[in-house]
**Student:** 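Supplied in structure tokens, the structure appears directly below.
It should be emphasised that the depicted structure is a prediction, and the values quoted were computed from it without experimental measurement. The basis for the numbers below is simple: all heavy atoms, side chains too, and nothing from hydrogens, waters or symmetry mates.
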Amino acid sequence: AANDELLDPSIRIEALITRHNLRMADVTTRQAAITTAQDLITALRLDDMLARDLLLERALELLDQLDYEREQGRHFESDRIGANLLQPYALAFDSGVPPSSNLFDRVTIARILREGGRPESALKAWDNLAREHPAALEVLLGRADSLMAVGDEGSLGEAMLIYRRLAQG
């Protein structure tokens, strides 16, 4: 462990992501890897901006896979990707990540939070994006989807207003 300090931070972060993936592949450690995201959070603590970028890269691949499964009508599989594979990334990003000035990164993190089962955190991220980009279609849809996921009566009503406004053009 003392020699780990001598390694380049990107190598240490890659090693932590690899260990997370190994824990996800092992049936005896999988649930803990999903619910605690221990290695991913540790990676963020090493170098939060570098880890954010590397975690985004990995999670984006999972989002692409989730979108593909959803487009193919395989909703059970897309739900599994969100609930199992994206949940640790959502937990890690929700634990505190330095904000990115890159709009694509911010939208991706908001999607990861939503698909990974953290709708309240996703809604906060979409609200922040909506203040800067109030008419952006992806922001409006993401915000509405997160409002639906939050599920309380006020949130559902607000989501329906957004969907109705979008349908009217």
**Student:** State which residues pass salt bridge (charged side-chain N to carboxylate O under 4.0 Å, His left out) with D79; sequence neighbours excluded, sorted by chain then number.
**Tutor:** none
**Student:** Looking only at heavy atoms, what is the nearest atom pair of S95 and I41, with distance?
**Tutor:** OG-CG1, 3.9 Å
**Student:** Regarding S155 and D152, do their side chains bring together a donor and an acceptor under 3.5 Å, going by distance alone?
**Tutor:** yes
**Student:** Do L46 and L16 come within less than 4.5 Å of each other through their side chains, counting heavy atoms only?
**Tutor:** yes
**Student:** Which pairs pass salt bridge (Lys or Arg N to Asp or Glu O under 4.0 Å) with one or both residues in residues 130-151, sequence neighbours excluded?
**Tutor:** R106-E132, D127-R143, R143-E158
**Student:** Nearest heavy-atom pair of A83 and I34: which atoms, and what distance?
**Tutor:** O-CG2, 4.0 Å
**Student:** Going by side chain to side chain donor-acceptor pair (under 3.5 Å), name the pairs with one or both residues in residues 41-66, residues two or more places apart or in two chains.
**Tutor:** E14-R58
**Student:** Taking 4.0 angstrom as the limit, do R70 and E115 come out as a salt bridge?
**Tutor:** yes
**Student:** Looking at every non-hydrogen atom in both residues, tell me the closest pair between L85 and Y89 and how far apart they are.
**Tutor:** O-CD1, 3.3 Å
**Student:** A125 and A110: which non-hydrogen atoms are nearest, and at how many Å?
**Tutor:** CB-CB, 3.8 Å
**Student:** State, yes or no, whether a side-chain contact exists between F104 and V107 at a heavy-atom distance under 4.5 Å.
**Tutor:** no
**Student:** In Å, rounded to the nearest 0.5 Å, how long is the span from CZ of R12 to CD1 of I17?
**Tutor:** 13.0 Å
**Student:** May I ask you to test the L63-I81 pair for a side-chain heavy-atom distance under 4.5 Å?
**Tutor:** no
**Student:** Other residues, nucleotides and ligands only: do more than 12 of their heavy atoms fall within 6.0 Å of CD on E153?
**Tutor:** no
**Student:** Closest approach of A37 and A92, non-hydrogen atoms and distance?
**Tutor:** CB-N, 4.4 Å
